[in-house]
Amino acid sequence: MSLLWSKYTTALVKKPILTKAATGGVLSGTGDIISQVIDGDSYDVVRTLKLAFFGFSVYGPGLHFWYKGLEKVVPGVTVAKVIQKIVLDQTIFAPLYLGSFITVMSLLEGKGIDYIVSKQKSELFPTLKANWGVWIPANIVNFALVPINLRVLFVSCVSVAWYSILSKLHHKSVQQDEPVIQDVV
């Protein structure tokens with residue numbers, strides 16, 4: 001295990017964006033696998049690959065740049081700084097991230113602009129409220145205790161559970177063509 005950790009931390013130094021992208025992709029896909037297993041449906045590998053693609057292309061790299069910029073704007077780990085980071089994270093990054101999740105996943109499912117706009121209007125705020133229940137507590141730990149180079153790994157681990165929820169919500173509403181967040185939260 002220590003050899004794997006050593007290789008991972010070396011990769012974080014040598015290729016931080018690619019390493020965080022791969023971390024985001026693998027753990028996002030893992031969250032979808034868990035969601036499908038819990039639902040008891042037959043396994044859909046394409047669905048997992050779509051979520052892993054999002055984690056690799058948007059989530060991992062996006063968090064790399066977000067956390068780096070956030071640390072420049074609000075450096076430090078005092079209680080006041082952690083609160084400032086959480087407020088910025090949950091009022092700027094979270095809505096943009098969740099909006100991009102809804103958009104990208106809907107496009108990958110072949111949905112059109114009208115569907116995406118409707119889904120954004122009906123699901124973005126309820127999903128954001130669910131997000132606060134997971135990410136405010138997680139980010140207290142993340143911003144107070146986790147070194148900046150390991151923050152994407154930490155939140156990606158928490159995201160396994162979060163992506164299980166997001167994947168379930170997205171795919172349930174795609175199948176029903178209507179919002180379902182209220183059923184899950």
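Numbers here are sequence positions counted from 1. Here the structure is a predicted model, which is why all the values come from computation and not from measurement. Side chains are part of it too, since the values below use all heavy atoms of this structure and drop only hydrogens, waters and symmetry mates.
- A chain of hydrophobic side-chain contacts below 4.5 Å, direct or via other Ile, Leu, Val, Met, Phe, Trp or Tyr residues, connects Val160 to Ile38.
- The shortest distance between side-chain heavy atoms of Tyr43 and Val45 falls below 4.5 Å.
- Smallest separation of non-hydrogen atoms from Glu123 and Thr127: O-OG1, 2.6 Å.
- Clustering ILVMFWY residues whenever any of their side-chain heavy atoms sit less than 4.5 angstrom apart, transitively, puts Leu98 in the very cluster that holds Leu51.
- Side-chain contact between Cys157 and Leu27 is present, with heavy atoms from C-beta onward closer than 4.5 Å.
- Counting heavy atoms from C-beta on, the side chains of Thr9 and Val13 never come closer than 4.5 Å.
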Are Asp44 and Thr48 close enough, and set up right, to give a side chain to side chain contact (heavy atoms under 4.5 Å, CB included), and what steps lead you there?
-> CA-CA 7 Å; Asp44 181 353; Thr48 299; over 6 Å; no

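- Residues Leu12 and Tyr8 are in side-chain contact: their nearest non-hydrogen atoms beyond the backbone lie under 4.5 Å apart.
- In this structure Phe143 satisfies the ring-ring contact (aromatic ring centres under 6.0 Å, His included) test together with Tyr67, sequence neighbours excluded.
- Residues Ala94 and Leu128 share a closest heavy-atom pair of CB-CD1, 3.7 Å.
- Applying the salt bridge (Lys or Arg N to Asp or Glu O under 4.0 Å) definition to pairs two or more places apart or across chains, none involves residues 53-69.
- In terms of the side chain to side chain donor-acceptor pair (under 3.5 Å) criterion, Ser28 has no residue partners (sequence neighbours excluded).
- The minimum heavy-atom distance linking Asn142 with Val155 is given by the pair ND2-CG1, 3.4 Å.
- Both Leu70 and Val58 are members of a single hydrophobic cluster when ILVMFWY side chains are connected at heavy-atom separations under 4.5 Å.
- Grouped with Phe56 in one hydrophobic cluster are Leu18, the linkage being side-chain heavy-atom contacts under 4.5 Å among Ile, Leu, Val, Met, Phe, Trp and Tyr residues.
- Across every non-hydrogen atom of Ile116 and Ser106, the tightest pair is CG1-CB, 3.6 Å.
- Using bins of under 30°, 30° to 60° and over 60° for the plane-to-plane angle, the ring pair Trp162/Trp135 lands in the perpendicular bin.
- A search for side chain to side chain contact (heavy atoms under 4.5 Å, CB included) contacts involving Val26 returns Thr30, not counting sequence neighbours.
- Side-chain contact check for Phe93 versus Leu63: some heavy-atom pair is nearer than 4.5 Å.
- Contact record, Val158 with Ala138: CG1-CB, 4.1 Å, taken as the closest heavy-atom pair.
- Both the sub-6.0 Å distance and the 45° axial angle are satisfied by Lys111 relative to the ring of Tyr115.
- Other cluster members for Val77: none, since no ILVMFWY side-chain heavy atom sits under 4.5 Å from it.
- Grouping the Ile, Leu, Val, Met, Phe, Trp and Tyr side chains by contacts below 4.5 angstrom, directly or via other members, places Val73 with Leu96.
- How far OG1 of Thr19 is from NZ of Lys7: 12.5 Å, rounded to the nearest 0.5 Å.
- Other residues, nucleotides and ligands contribute only 12 or fewer heavy atoms inside 6.0 Å of the CZ atom of Phe53.
- Distance alone, capped at 3.5 Å, places no donor-acceptor pair between the Ser118 side chain and the Asp114 backbone.
- Two residues are said to be in side-chain contact when any heavy atoms from C-beta on lie closer than 4.5 Å; Lys20 and Pro61 fail this criterion.
- Between the side chains of Arg151 and Ser156, no donor-acceptor pair is found at a separation under 3.5 Å.
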Show the atom names and distances, to 0.1 Å, of all donor-acceptor pairs under 3.5 Å that link a side chain in residues 80-89 to residues at least two apart or in another chain.
unit_1	atom_1	unit_2	atom_2	d
Lys85	NZ	Glu71	OE1	2.7
Lys85	NZ	Glu71	OE2	3.3
Lys85	NZ	Val74	O	3.3
Lys85	NZ	Gly76	O	2.7
Asp89	OD1	Trp66	NE1	2.8
Asp89	OD2	Asn139	ND2	2.9

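- Ser159 is linked by a side chain to side chain donor-acceptor pair (under 3.5 Å) to Tyr59, counting only residues two or more places apart in sequence or in another chain.
- The other residues sharing a hydrophobic cluster with Phe65 are Ile17, where clustering joins ILVMFWY side chains under 4.5 Å apart.
- Listed by first then second residue, pairs satisfying salt bridge (Lys or Arg N to Asp or Glu O under 4.0 Å) with a partner in residues 130-145 number zero, not counting sequence neighbours.
- Remark: Asp39 engages Lys168 in a salt bridge (charged side-chain N to carboxylate O under 4.0 Å, His left out) (not counting sequence neighbours).
- Of the possible polar contacts, none joining the Gln90 side chain to the Ile136 backbone as a donor-acceptor pair under 3.5 Å is found.
- Applying the side chain to side chain donor-acceptor pair (under 3.5 Å) test to Thr103 and every residue at least two apart in sequence or in another chain returns Gln120.
- Here Leu49 contributes atom CG and Arg47 contributes atom CZ; the two are 12.0 Å apart, rounded to the nearest 0.5 Å.
- Leu124 approaches Pro95 most closely through the heavy-atom pair CD1-O, 4.0 Å.
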